[in-house]
**Q** 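Can you keep this structure in mind? I'll have questions shortly.
In what follows, chains carry the letters A, B, and so on, assigned in the order in which the sequence lines appear, proteins first and then strands, with residues in each chain numbered from 1. Just so it is clear, the structure is predicted and the values come from calculations on it, not from any experiment.
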Amino acid sequence: MTPQERLTVLDVPSESSTAQNGASAESPAPVADHTRSGAARRMDVIDLNAGFGSRTIIANINLKVEPKTVTALIGPSGCGKSTLLRCLNAMHSTAKGAFANGEILLDGVDINAKGVDPVLVRRRVGMVFQRPNPFPTMSIYDNVAAGLRLTSGNRHGRHYFDEVVERALRQADLWAEVKDRLHNMGGALSGGQQQRLCIARTLAVEPEVILMDEPCSALDPISTAKIEESIHALREQYTIVIVTHNMQQAARVSQTTAFMTILEAGQPGSLVETGPTSSIFDAPTNEVTGDYVSGRFG
Amino acid sequence: MATLDSLGGGSGSLAPQLRRRHRRNRGMTYLLTLLMAGIGALLIWILSYVAIKGVKAINWGFITDTPPGNPDAAGGGFYNGIIGTFEIVGIATLIALPLGIGCAVYLNQYATGRIAGVLRLVTDVMLGIPTIVTGAFVYALWVVEFGFSGFAGALALALVMVPLIVRATEEMLRLVPGDLKEASLALGVTQSRTIVSVLLPTARAGIITGVMLAVARAMGETAPLLLTALGNDLFVETNPGQRMSTLSLQIFGSATGGFVNAQNRAWAGALLLIAIVLTLTIMARLIARKSAVRR
Amino acid sequence: MSAASHRAETRKAQALHQQRLRFADTAFRWLVAGSATVVLVAFVATAFFLVRKSWPALSHYGVLSFIDSSRWTPSTAVATVSHPNPYGVLQFVYGTVLTSVIAMLLAVPVAVGLALYITDIAPQQLRRPLAYVVDLFAAVPSVVYGFWGIFALLPVLHPIADNLSSWLGGIPVIGGVFAGPFFGPSYFAAGIVLAIMVLPIVTAICREVFAVAPVSEKEAALALGATRWEMLRMSVLKRSTAGIFGASLLGLGRAFGETIAVTMLIGNSVLSITTSIFGQGATMPSVIANEFTEATEPFHLQSLFVVGTLLLIITLIVNVLGKLVVSRISETIA
């Protein structure tokens, strides 16, 4: 089977998976084309080099992301953390001249192989961006349901996705604030609420991995705290990789931390050290890691 | 892989859906590409049709002779129209250029708040006035008193050109960096001198582009001239105080007559007119591109 | 000359020089203010003279009588009779609106498609040349469009029109709109050429509107697993409806005012209103162009000025509305 075929096999109706391992109690029964397959997935990056045109941004990246954990990606600006993240959900290839060589395994299936449909990859690996980007002309409800509408078509009535929307908004800790105004415009919320809306939107399609690119950097401390709480709760169902500038945040939310940096000027970014969060911060093995986490640079 | 097998087999209900979505995506891409190609083909059709019909009928005589007295007779040309076009558009440019640039300078450098808003609105609105209405206005203003004349036609065309020149010049002036003006003023140069010697020359390429496009537009106009210059199919008239013909008027008159020979002359005229207008338009764009790149 | 008196001379010369500079500066300022005034006055004068020239007819027949009659028969006009009004302009309004609506129905979808292609689908290097190609349509003079329309387009339209009238002509109620026979010059033909003529302006504005769709929203759609077309629908088209509407208004204004190409293709029949799009008629600009220089009947010329004034008002309203819509969009985005 080609990687593409194997990736398609991952798309199974939730009934069969619920019948098999009874895991996803969250999937609403009527939406048969829901792809919740049960277990959150692991990701493995093997010898990844990526960049644009003749510029290599990151090189020799090897990373293991365990299922149902939060992995934080830390490092100074410009070292390629976002590039790495965007490779994980095939968003990197949307840029002109982008290349990515190496293996990126989603539960053993190489999603970076030739012929793999990026649309399929992005359904299973969701992303929350740095600046909240809800669709301004859609209501809160429609924003959350946007991803679902793509797969089950627009022919369904307004309330077809009610259960899913509620679940996603609850998981993003936004339900209480918006439940009475679901049909107001998505753009009319505060920054923190918008970001949680984007998280709900990502959760609605039930990906197996969630990527977050500095999701709180544009938000106030209270919204940041709320989102970090959600991440704690989401960990039980999803695999999460979060890029963050904020080392305290990395220490708060993650179990594993990976430190990236540019070791020499002009070189591409590399993954210097990966390990349990506590050891990275308290007792890193690499000297450069130690310098960064103690604030000596970055 | 063990994990995959344990999930059960078969492509889920998603796969055919996904294929459908990709098909739709491909289909729309093809459709839009086809649309673009079709529009390109339409342009080629229009231009080549005129070119082919025109080339068959054009010769030196066309450019140097006036139309024959009998419209059904072969031969002859649009010499008087060609002269008329250049003369009327020339006079129109002489009127519109200082007016347009002056107005734009005032708008950009001197006008504030309310006045600027009103002026900008007016010039924008003037862009949208049908040219036949402009012709009717000049008729009521001038022709009633002084009769049909090339000058009246020039007035009408100037009114069409002014808003175009104002908008182009104003946009160009807005692009000139503010520090240039400040540096000049700091040196003690007066505002007017600054505008004339520093700002306008900097914006020169864009202004020239705007003027060329306005001239191209004026050359193609027929409607306002019907009511002002009226046309003169008989002989060459160089006195702008008298009725004059233009290329556009002659094409219009000869095309709708029903006489084949007149229509042939009209095709030659159409070819010539399009050639002049397209050359001006393309040259203007090239000048704009070149100056933008240099900056 | 002593040093002191030399200095005094220089100072005097400098003072004179400064005075001259200030004078030139003020003169320049007055000059440009003057040209701005001339432009403003020209605009106001246009409206003023149009109304003034139409006033005799308006006061003779009464304003309303012009717009509630579709009969335009200058030959029956008698100077002393003021009722009924032989100069009913309704059919010209009808012709203008019908041809413009046909034009917009064709041009807007095509313009949206072209703009979408140019901003989001075409390869990067082709984008500017393709935009130029569409803009080039605007450079072709109106009289050439009319001429080409008569000889190149009408023969092509003939079979299409015949088919349309035989398929749709029999349907009750709307069949009348497509009733044959098709002779060539018609609302239909004029509408099609109008569509080609307004295409560049509608496409250009749509291009601008689509180009400001934020990349972050496009990425959001892609990250949810949308195909490119789905992304364009969600993040570009959906938020551009107001802009497309504004572009259509501005195109409509242009279509209303187009004279020569329309008059060459519409048949110039001022007899009555025909409901079929294959029928012949006239528009406000076309009747002015056609009858102006031969308007010798009583109140004929003045009535043509009434038509002109009406045309001016309608075009101004549509253009100002369109500008408002489009500028409001750029504000909310910026």
**Q** Between C/Thr315 and chain B, which part of the residue has a heavy atom less than 4.5 Å away: side chain, backbone, both or neither?
**A**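 Side chain of C/Thr315 only, per the 4.5 Å heavy-atom cut-off to chain B.
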**Q** Please state whether the side chain, the backbone, both or neither of C/Ala45 comes within less than 4.5 Å of a heavy atom of chain B.
**A**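 Contact with chain B: backbone and side chain both.
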**Q** If you round to the nearest 0.5 Å, how far is NZ of B/Lys53 from CZ of C/Phe147?
**A**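 Atom-to-atom, C/Phe147:CZ and B/Lys53:NZ are 7.5 Å apart.
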**Q** Could you tell me if the ring centre of C/Phe292 sits under 6.0 Å from that of B/Tyr139?
**A**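 When the ring centroids of C/Phe292 and B/Tyr139 are compared, they turn out to be within the sub-6.0 Å range.
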**Q** Within the supplied structure, the quantity of interest is the number of heavy atoms (other residues, nucleotides, ligands) at a distance under 6.0 Å from B/Arg167 CZ; does it exceed 12?
**A**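 Not buried by this count: 12 neighbours or fewer within 6.0 Å.
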**Q** What part of B/Ile101 gets closer than 4.5 Å to chain C, counting heavy atoms only: side chain, backbone, both or neither?
**A**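 Neither; nothing under 4.5 Å.
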**Q** Side chain, backbone, both or neither: which part of B/Leu43 has a non-hydrogen atom closer than 4.5 Å to chain C?
**A**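 For B/Leu43, backbone and side chain are both near chain C.
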**Q** Go through the atoms of B/Thr134 and report whether side chain, backbone, both or neither lie under 4.5 Å from a heavy atom of chain C.
**A**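 Neither the backbone nor the side chain of B/Thr134 comes within 4.5 Å of chain C.
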**Q** Looking at every non-hydrogen atom in both residues, tell me the closest pair between B/Ser248 and C/Val143 and how far apart they are.
**A**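 That closest heavy-atom pairing would be O-CG2, 4.1 Å.
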**Q** Picking from C/Asn319, C/Val144, C/Ile260, C/Val44, which has the most non-hydrogen pairs under 4.5 angstrom with chain B?
**A**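 Ranked by heavy-atom pairs under 4.5 Å with chain B, first place is C/Ile260.
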**Q** Is B/Val166 close to chain C through its backbone or its side chain, or both, or neither, when contacts mean heavy atoms under 4.5 Å?
**A**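 Interface part for B/Val166: neither.
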**Q** Tell me, side chain or backbone of B/Ala104 under 4.5 Å from chain C's heavy atoms, or both, or neither?
**A**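 Neither part.
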**Q** Does any backbone or side-chain atom of C/Leu304 lie under 4.5 Å from a heavy atom of chain B? Answer side chain, backbone, both or neither.
**A**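 Answer is neither: C/Leu304 stays 4.5 Å or more from chain B.
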**Q** For B/Leu141, is it the side chain, the backbone, both, or neither that has a heavy atom closer than 4.5 Å to a heavy atom of chain C?
**A**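 The answer is both parts of B/Leu141.
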**Q** Under 4.5 Å heavy-atom distance to chain C, tell me which part of B/Tyr49 shows up: side chain, backbone, both or neither.
**A**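 The answer is the side chain of B/Tyr49.
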**Q** Looking only at heavy atoms, what is the nearest atom pair of C/Ala226 and B/Arg21, with distance?
**A**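 It is CA-NH2, 3.9 Å.
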**Q** Check each atom of C/Val320 against the heavy atoms of chain B and say whether the ones under 4.5 Å are side chain, backbone, both or neither.
**A**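 The answer is the side chain of C/Val320.
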**Q** Could you tell me which portion of C/Tyr145 (side chain, backbone, both or neither) has an atom closer than 4.5 angstrom to a non-hydrogen atom of chain B?
**A**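 Just its side chain gets close to chain B.
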**Q** Look up atom OG in C/Ser142 and atom CD1 in B/Ile251, then write down how far apart they are to the nearest 0.5 Å.
**A**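 Going from the OG atom of C/Ser142 to the CD1 atom of B/Ile251 covers 11.0 Å.
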**Q** Quick check for you: to the nearest 0.5 Å, what is the distance between B/Thr190 atom OG1 and C/Arg22 atom CZ?
**A**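 One gets 11.0 Å once the value is rounded to the nearest 0.5 Å.
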**Q** Is B/Asn25 reaching over with its side chain to a backbone N or O of C/Thr227, donor-acceptor style, under 3.5 angstrom?
**A**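 A pair under 3.5 Å: no.
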**Q** Let me know if C/Val156 has heavy atoms under 4.5 Å from chain B in its side chain, its backbone, both or neither.
**A**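 When you check distances to chain B, only side chain atoms of C/Val156 fall under 4.5 Å.
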**Q** Tell me, side chain or backbone of B/Ile195 under 4.5 Å from chain C's heavy atoms, or both, or neither?
**A**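 Just its side chain gets close to chain C.
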**Q** If I take atom CG from residue B/Leu119 and atom CZ from residue C/Phe43, how far apart are they, to the nearest 0.5 angstrom?
**A**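 Nearest 0.5 Å value for the CG-CZ distance: 11.5 Å.
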**Q** With only heavy atoms counted, which part of C/Leu250 is less than 4.5 Å from chain B, the side chain, the backbone, both or neither?
**A**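 Looking at C/Leu250, nothing touches chain B.
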**Q** Under 4.5 Å, heavy atom to heavy atom: which of residues 125-138 of chain C reach chain B? Give them by number, or say none.
**A**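 Listed by number, the contacting residues are C/Arg128, C/Leu130, C/Tyr132, C/Val133, C/Val134, C/Asp135, C/Leu136, C/Phe137.
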**Q** Under 4.5 Å, counting heavy-atom pairs only, tell me which of C/Phe49, C/Phe28, C/Trp148, C/Phe151 racks up the most with chain B.
**A**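 Top option by heavy-atom pairs under 4.5 Å: C/Trp148.
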**Q** Under 6.0 Å from the CZ atom of B/Arg120, do we count more than 12 heavy atoms belonging to anything else shown?
**A**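 Enclosed: over 12 neighbouring heavy atoms sit under 6.0 Å from CZ of B/Arg120.
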**Q** Would you mind telling me which of C/Lys53, C/Met284, C/Arg52, C/Glu230 has the largest number of heavy-atom pairs within less than 4.5 Å of chain B?
**A**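 Greatest number of close heavy-atom pairs with chain B: C/Glu230.
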**Q** Which distance, rounded to the nearest 0.5 Å, do you find between the CD1 of C/Ile121 and the CE of B/Met28?
**A**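 Output value for this atom pair is 7.5 Å.
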**Q** Non-hydrogen atoms of chain B under 4.5 Å away: do they reach the side chain of C/Leu316, the backbone, both or neither?
**A**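 Just the side chain, heavy atoms under 4.5 Å.
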**Q** By a 4.5 Å heavy-atom criterion (distance strictly below it), what part of C/Arg228 contacts chain B: side chain, backbone, both, or neither?
**A**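 When you check distances to chain B, atoms from both the backbone and side chain of C/Arg228 fall under 4.5 Å.
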**Q** Tell me which of these, C/Leu114, C/Thr26, C/Thr37, has more heavy-atom pairs under 4.5 Å with chain B than the rest.
**A**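 If we count pairs closer than 4.5 Å to chain B, C/Leu114 comes out on top.
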**Q** Answer with side chain, backbone, both or neither: which region of C/Leu301 has an atom nearer than 4.5 Å to a non-hydrogen atom of chain B?
**A**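 Only the side chain of C/Leu301 comes within 4.5 Å of chain B.
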**Q** Looking at C/Gly253, C/Pro141, C/Pro285, which one has more heavy-atom pairs under 4.5 Å with chain B than the rest?
**A**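 Ranked by heavy-atom pairs under 4.5 Å with chain B, first place is C/Pro141.
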**Q** Look at the side chain of C/Asp25 and the backbone N and O of B/Ser192, then say whether any donor-acceptor pair between them is shorter than 3.5 Å.
**A**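 Judged by distance alone, yes, a pair lies under 3.5 Å.
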**Q** Heavy-atom count check: over 12 atoms from other residues, nucleotides or ligands less than 6.0 Å from B/Trp45 CH2?
**A**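 Yes, CH2 of B/Trp45 has more than 12 neighbouring heavy atoms, counting only those of other groups under 6.0 Å.
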**Q** Which one of C/Gly225, C/Ala36, C/Gly257 has the most heavy-atom pairs closer than 4.5 Å to chain B?
**A**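 Greatest number of close heavy-atom pairs with chain B: C/Ala36.
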**Q** Rounded to the nearest 0.5 Å, how far does CZ of B/Phe137 lie from OG1 of C/Thr309?
**A**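 With rounding to 0.5 Å, OG1 (C/Thr309) is 12.5 Å from CZ (B/Phe137).
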**Q** Heavy-atom distances under 4.5 Å only: say whether B/Leu278 touches chain C with side chain, backbone, both or neither.
**A**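 Contact with chain C: side chain only.
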